[in-house]
Amino acid sequence: MNLSFETFLPLAPVILLSLTAVLVMLAVSIKRNHCVSYWITIAGQLAALVSIFALDGFAVDRVATPVTDLILIDGHAYFYGALVIFASLVCTVFLRNFIESYGNNKEEVYMLLLIAAVGGLVLVSSSHMAGFFIGLELLSVPVYGMVAYTHERSRSLEAGVKYLILSAAASAFLLFGMALVYAQTGTMLFADLADKLAEHGGYLAGFGIAMIVIAMCFKLSLAPFHLWTPDVYQGAPAPVGALLATASKLAIIAILIRFLGHITSDLTAVLQPVLAVIAIVSIAVGNFLALTQTNLKRMLAYSSIAHMGYLLIALIAGNSVDVVSANVYLLTYVVTSLAAFGAISALSHGGNALDAEEVNHYRGLFYRSPALAVALTLVMLSLAGIPLTAGFIGKFYIFMTGVTTSSWILLAALIIGSGLGLYYYLRVMVALYDRTGNSQADNVPAARASVAIVILLVVLVLWLGVYPQPALEFINTLH
Amino acid sequence: MNFLYLTFLFPAIGFLLLATLRTRLSENLAAVIGVGSIGLSALTTVYVGIDFLNNVEQGGKYVQTLWTWMHVGDFNASFGLHLDGLSLTMLGVITGVGFFIHLFASWYMRGEAGYERFFSYMNLFVASMVLLVLGDNLGLLYLGWEGVGLCSYLLIGFYYSDRANGEAAIKAFTVTRVGDVFMAIGIFIIFQQLGTLDIQQILVLAPQKWSEGDPMVVAASLMLLGGAVGKSAQLPLQTWLADAMAGPTPVSALIHAATMVTAGVYLIARTHTVFELAPDVLLLVGVVGAITLLIAGFSALVQTDIKRVLAYSTMSQIGYMFLALGVGAWDAAIFHLMTHAFFKALLFLSAGAVIIACHHEQNIFKMGGLWKKIPFVYACFLVGGGALAAFPFLTVGFFSKDAILLQAYASGHTNLFWAGLVGAFFTSIYTFRLIFIVFHGEEKTHAHSIHGFSYWLPLGVLLVLSTFVGSFIHQPLEGVLPAFTSATLEESKHFVEILAIATGLIGLAFAFVFFWGERRIAKSISESGLGRLLSPVLRDGCGFDWLYNWLFVKPYLFIAAINRHDAIAKLFDLIPSLAKLGNSAMSVTENGRVRWYATSIALGAVLVLGAVLVLQVTFTH
């Protein structure tokens, strides 16, 4: 294969982000300066984001460009890549204020974040088992470090170690699954997978595919592989939680969609009922567990379990993955989740023993920080899927998928789950306007930059909810 | 015409400003925002109207699709405005009359608690009403429909510290809700049958899909009629309007006389094709109107509250509009709608002025001889009352009512015509009874005179519009609504005209005999056995409240009493218990131990792999 400059041009976002990570590392080794590291990170990610547009990443007539066997750049890859960079960019802003008051080394967290973002980009564009695995590990390993970054907090350290151990177990499943598939089919290329599976497929290959899916389910915190989620979300610093809930999940969904598109229809038929059960159980488990939760981070963790369950409906209802529904849902979910974690980040400081994570912290927030309280209200409405917010549009698309494919049981789960969800989202909203309760967070000023980003995100939430047409049309042109 | 959306936007912004700033606004600023927004909206209407009349051919339309809210499959929910002769007429009435009423209200409400709250509701009302008449699909129309219902509720109960006002508001809301449910069902039927909510498409598709008298079109038009009678206070859902007078008087003028209550007339005119396919239902519209106008006319005769007299007269005038719709006199109905808006707004505002002058006294028998104290209001009342009683040639009401009676006669529905004529006779009596009692006879209160620009300007303008001048306003309805055709129209013209004039004048003479001066005859009648039997019944709106109380309220309360412990709720209590059970069962799994988490992954994997094995085996065999 002739490797020229042009070959690597579509990889510009990946290369730019990698370079930025190196730059941050160099800057740290020369002289520690929080501000410099922060702005390098921001600039690098902006450049990567711009490069996607500069490369006509979303052109309608874009053809899929392979870069070696490992990577395939297409509209799908750019859409998810842009979302991953956007999420990590937003998380960077949230991180700054948080880490400023942290007593220990501050700058390395940006390096970890950038490496994770690179991993996410590789993952969303990989077209080969090797790219798949490398991307996933590149995404996960820095996140262990980020979760445990505030290691003076025992919960943070514990969460990091827990995530590391369990994630390693999941990776083992993934590798074993890939090995089984390779053993049966002799290929690691996604493109050849379907043919080879049809030719040489057997129970073992089916097991292999199932094990890969199990590993993905772990990463997406789908039941029964979800138990780690609340502990890790709670222990991780709030901005890292934002990254875990958005960039990480996004990239994994992207590869899952791509991977499921390359297996035989026989195997799809086998996996569908299994995944349907997983979706229903996830929706039930997530919503039930969130009901009595008074810790906002844990509540968001449980709600993310339920949300991933909803999303799974788009992937399994019908004969093929409903990519448009999945994309719409993810877009709305990512924007909303970022805003939710952003609000927590804005009130949290790395120097404190705990984040502002108890619902009690937010009691009467409206009277101290009205803008943030209103933003958080809208975020909760969006998470609950109330009309005129982004969450409604996302859920509506999932609903439409369910209706057009007549998946009534899944739809029932979606509806019952949404009903249960209202209860705990509304409870948070009530607390925001509760004048009577005494708040524990009276003297924590909200970080201005984070609040500004949260408000921007909420404007986006409303815009997607009120006037979703441009975004919907854009997503429709991708496929 | 590109600015059409502004007619809706200005009041909406006014509402948002007033609602969010609330008490931070001074009274003057609140008045400027509240009245100014409607003023700007009215100016926009004038501009758009001139543009429309100059640039769009007769019977044409202008559609402004602001955005598509959602487009999924066949369902297309757009946010579009539709302007044609009919909606332009309605828009003119709403923003024009609305502006003058707002201006008057800025004077009338001065010093009241909740001044800015009042204007925020009023602005929201105008915004909703504009949406109702401009919406190009039934969904948007329904949004406006519910919006005006909400504002009506809020404003009837404006003086909420008095329990009776709150109850009146609830009554209005509940009764109109019954109509709204029918209307929603009607909309569902139309969407299910025609697959669209776009009104213009409905008008095209309806004759293709349905033959005349098709059961579905009968059902759809009956349901729409249900909505219309609820909103327009016609039989059998008319009971709420008299109680709605609990709101501030400008509210009665704007919402419960000039605009909202005519929404039913607008709805029927807007969907006229559907009604024409169901001739029986269309006739029913006319019959409903005729009966309502008679009942309301009788009731108005014995009322003692100045606003209730006007409320019953509103019912009866809308009855005329329904009658006109029923005989196919579409133009005449809309013409009467417009003239009625002028003179009824004038009457209500004058009544407001009278009430203020008499220190918030509303009982007409405690007034009297006011014409010397407030001659300008007296003039307004004379002209407005004259128009209401269709005083020949000088007032606008004569022209519109005459058109209705003439077309009713020429259409061959002579029963409806005679009902309308009898109604006109009673209208004349109760109108002049009101004027004689309030403005003539001996003085019973010490009324003070009133001044102010925002008091006389609205009255003055409406006064001019209520005279024959108002009849020069041309309504661009040609080509929008079907024209009335009848072979006997010309020949019966003079006969009907003379009959109508005579009826009105005889009514006036009766009123003079009964209610001028000492009112001896009227008193002797009301003290006679028959009078004592009838007048309480009539005063309560012919006993419909009593009937509905026995028919609906009592049985409902009875069932409610039986079901005091709410057996069905017990069933729903299961849901939280189940959720709690689920919660506690799941919570056990979250114990924080990594070994258990790892085990669960392994167990889950075994389950998944087992399931995959079983499924693979079943699928391959």
Side-chain angles (χ1 to χ4, degrees), chain A residues 158 161-162 165-166 169-170 173 201-203 206-207 209-211 213-215 217-218 222-231 266-267 269-275 277-278 284-293 298 302 388 393 396-397 400 403-404 416 419-420 423 466-469 472, chain B residues 12 20 24 65-80 139 143 572 574-621:
Chain A
E158 185 188 325
V161 174
K162 264 184 194 167
I165 294 173
L166 297 172
F173 272 99
Y203 295 157
F207 273 171
I209 303 278
M211 289 176 98
V213 171
I214 287 170
C217 287
F218 169 83
L222 286 161
F225 313 104
H226 65 284
L227 291 172
W228 59 276
T229 323
D231 290 1
D266 289 353
L267 273 173
V270 169
L271 282 178
Q272 256 177 4
V274 177
L275 286 176
V277 172
I278 288 180
V285 165
N287 283 314
F288 276 139
L289 280 172
L291 281 178
T292 54
Q293 198 44 252
R298 286 184 84 89
Y302 291 132
L388 298 185
I393 302 295
F396 184 82
Y397 264 76
M400 283 303 292
V403 172
T404 47
I416 294 172
L420 284 172
Y423 173 77
V466 177
Y467 187 45
Q469 211 59 32
L472 299 181
Chain B
T20 47
R24 269 175 257 178
T65 304
L66 294 177
W67 65 77
T68 303
W69 188 56
M70 196 181 280
H71 182 98
V72 179
D74 292 336
F75 181 70
N76 195 351
S78 74
F79 201 100
L143 180 67
F572 288 105
L574 269 178
I575 295 175
S577 330
L578 275 178
K580 273 184 203 151
L581 197 70
N583 176 265
S584 42
M586 302 286 175
S587 298
V588 180
T589 61
E590 289 288 349
N591 57 12
R593 294 201 184 99
V594 181
R595 56 177 184 275
W596 159 242
Y597 289 2
T599 312
S600 84
I601 294 176
L603 283 177
V606 169
L607 282 177
V608 169
L609 292 177
V612 167
L613 180 64
V614 171
L615 288 168
Q616 272 186 313
V617 172
T618 23
F619 282 158
T620 40
H621 291 292

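Every chain is numbered from 1, with letters handed out A, B, ... down the list of sequences.
For the set L289(A), V274(A), L291(A), the entry with the most heavy-atom pairs within less than 4.5 Å of chain B is L289(A). Ranked by heavy-atom pairs shorter than 4.5 Å toward chain B, the options Y423(A), Y302(A), F218(A), F173(A) are led by Y302(A). Per-residue counts of heavy-atom pairs under 4.5 Å with chain A were compared for S600(B), A611(B), A598(B); the largest is that of S600(B). Residue with the most contacts toward chain A among P576(B), A605(B), S587(B), A585(B): A605(B) (heavy-atom pairs, distance under 4.5 Å).
When all heavy atoms are compared, the tightest approach of P273(A) to L615(B) is CG-CD1, 3.6 Å.
Looking at I209(A), neither its backbone nor its side chain comes within 4.5 Å of chain B, counting heavy atoms on both sides. If you measure heavy-atom distances from L267(A) to chain B, the contacts under 4.5 Å come from the side chain alone. Interface remark: A269(A) contributes backbone and side-chain atoms alike to the contact with chain B (heavy atom separation under 4.5 Å). Residue contact with chain A, scored on non-hydrogen atoms closer than 4.5 Å, is absent for T618(B). Only the side chain of F619(B) comes within contact range of chain A, judged by heavy atoms closer than 4.5 Å. There is no contact between V614(B) and chain A, counting heavy-atom distances below 4.5 Å.
Residues satisfying the side chain to side chain donor-acceptor pair (under 3.5 Å) criterion with Q293(A), sequence neighbours excluded, are absent altogether.
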